[in-house]
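Lettering of chains follows the sequences in order, A, B, ..., and the numbering in each one begins at 1.
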Amino acid sequence: MPELPEVEVTRRGVAPYLEGRIVGNVTLRHTGLRWPFPPELPRILTGRTVRGTGRRGKYLLVRFDHGTLIIHLGMSGHIRILPQDVPPQKHDHFDMQIGGQVLRLTDPRRFGAVLWHAAEDGDVENHLLLRALGVEPLEEKFTAQLLHSQTRARTAAIKQVLLAGDIVVGVGNIYASESLFRARINPKTPAHRISLARYERLAQAIREVLAEAIAQGGSTLKDFISVNGQSGYFQQSYFVYARTGEPCRICNAPIRQLVQGQRSTFYCANCQK
DNA sequence: AGCGGTCCCTGTGCGC
DNA sequence: TGCGCACAGGGACCGC
């Protein structure tokens with residue numbers, strides 16, 4: 001389940017194999033994922049030089065002089081750099097030869113996306129999928145004041161407001177539960193009822209949880225160039241996520257599970273008020 | 001504008 | 001052992 005940390009680790013992992021290198025053949029093995037692949041992608045990319053990589057929320061960006069390749073991993077997607085002679089398997093949908101190797105996108109559930117944003121259409125930040133996104137949680141613009149001011153009219157539960165991604169991006173289902181636990185805030189609390197002081201705790205918790213996950217993922221960077229790499233899943237011990245009924249690591253009370261917006265939320269009713 | 005529900009997709013794991 | 005089904009999840013989209 002790639003959330004922001006997994007996408008960022010993927011970006012760092014593949015960047016050295018892409019930047020400054022020229023794209024060879026591009027192969028589309030499916031008509032598309034969440035949306036159809038732009039059918040002209042091979043013509044657009046072949047022979048062009050990758051100028052850099054980036055990330056916006058959970059969108060991975062590969063920059064060229066004439067535009068930006070936008071990749072989303074959905075919930076089951078992952079990218080690896082492989083030797084060109086590794087045969088594609090069932091769920092390998094997109095190949096881009098580069099620097100004598102191949103960048104391969106695998107996505108069994110096909111919730112991901114591969115899109116193209118031409119430079120002539122302006123900054124990629126203006127792309128329809130990116131323009132309404134909230135701030136980056138690891139940048140200075142993300143503050144408790146922002147969380148507080150942006151939630152004054154939000155009556156929905158804080159967990160769902162975090163997931164919505166229009167205030168802050170990249171906090172998915174796992175890290176939303178983990179961050180709220182660390183901030184000791186009950187996930188059901190209406191967002192507009194949370195004080196600035198409590199948002200200070202939440203902002204700090206989000207920064208810490210995401211930064212720790214990225215640091216942990218950094219140790220698995222080698223997986224991006226191995227055939228059997230397990231990229232996308234970090235061996236991490238969560239405080240609450242998927243621990244229903246197990247004892248809270250702080251107070252031993254059983255971790256509870258509830259459903260918010262068709263998603264599971266995990267929390268400690270004793271620690272989180 | 002914000003909210004809640006629905007849908008896309010397939011692998012996994014459970015109960016019968 | 002096999003079958004059917006619920007569930008997992010990011011996020012666009014829609015109607016209120």
Check: A:Arg63 side chain, A:Val50 main-chain N or O, donor-acceptor pair, under 3.5 Å: no
Gap between atoms CG and C1', on A:Leu133 and C:dA12 respectively (whole Å): 12 Å
Under-4.0 Å side-chain N/O to phosphate OP1/OP2 contact, A:Lys90 with B:dG11: yes
Within-4.5 Å side-chain heavy-atom neighbours: A:Glu136 and A:Arg56: yes
Test item: A:Asn173 and A:Lys159 side chains (from C-beta on) under 4.5 Å apart, heavy atoms: yes
Neighbours of DNA chain C within residues 26-40 of chain A, by heavy-atom distance under 4.0 Å: A:Arg34, A:Trp35
Spacing between A:His192 atom NE2 and B:dC3 atom P, to the nearest angstrom: 9 Å
From CA spacing to verdict: side-chain contact (heavy atoms from CB on, under 4.5 Å), A:Phe142, A:Leu147: CA-CA 8 Å; A:Phe142 176 60; A:Leu147 278 177; 3.8 Å; yes
Trace of the side-chain contact (heavy atoms from CB on, under 4.5 Å) decision for A:His66 with A:Trp116: CA-CA 10 Å; A:His66 63 317; A:Trp116 175 251; 3.7 Å; yes
Minimal non-hydrogen separation, A:Ile194 against A:Arg152, with atom names: O-NH2, 3.3 Å
Between C:dG11 (P) and A:Ile167 (CD1): distance, integer Å: 15 Å
Whole-Å distance separating the CG atom of A:Leu163 from the P atom of C:dA8: 13 Å
Whether A:Phe37 and A:Phe94 hold their rings parallel, tilted or perpendicular, with breakpoints at 30° and 60°: tilted
Members of residues 257-266 of chain A that approach DNA chain C, where some heavy atom sits under 4.0 Å away: A:Gln257, A:Arg263, A:Ser264
Proximity to the side chain of A:His72 - top-ranked nucleotide from C:dG10, B:dC9, B:dG11: C:dG10
Out of B:dC9, B:dG4, C:dG10, whichever nucleotide has its closest atom nearest the side chain of A:Glu3: C:dG10
Short side-chain N/O contact to C:dA12 OP1/OP2 from A:Tyr59, under 4.0 Å: yes
Nearest listed nucleotide, side chain of A:Arg154, among B:dT10, C:dG10, B:dC3: B:dC3
side-chain contact (heavy atoms from CB on, under 4.5 Å) between A:Tyr267 and A:Leu180, worked out: CA-CA 8 Å; A:Tyr267 72 110; A:Leu180 287 165; over 6 Å; no
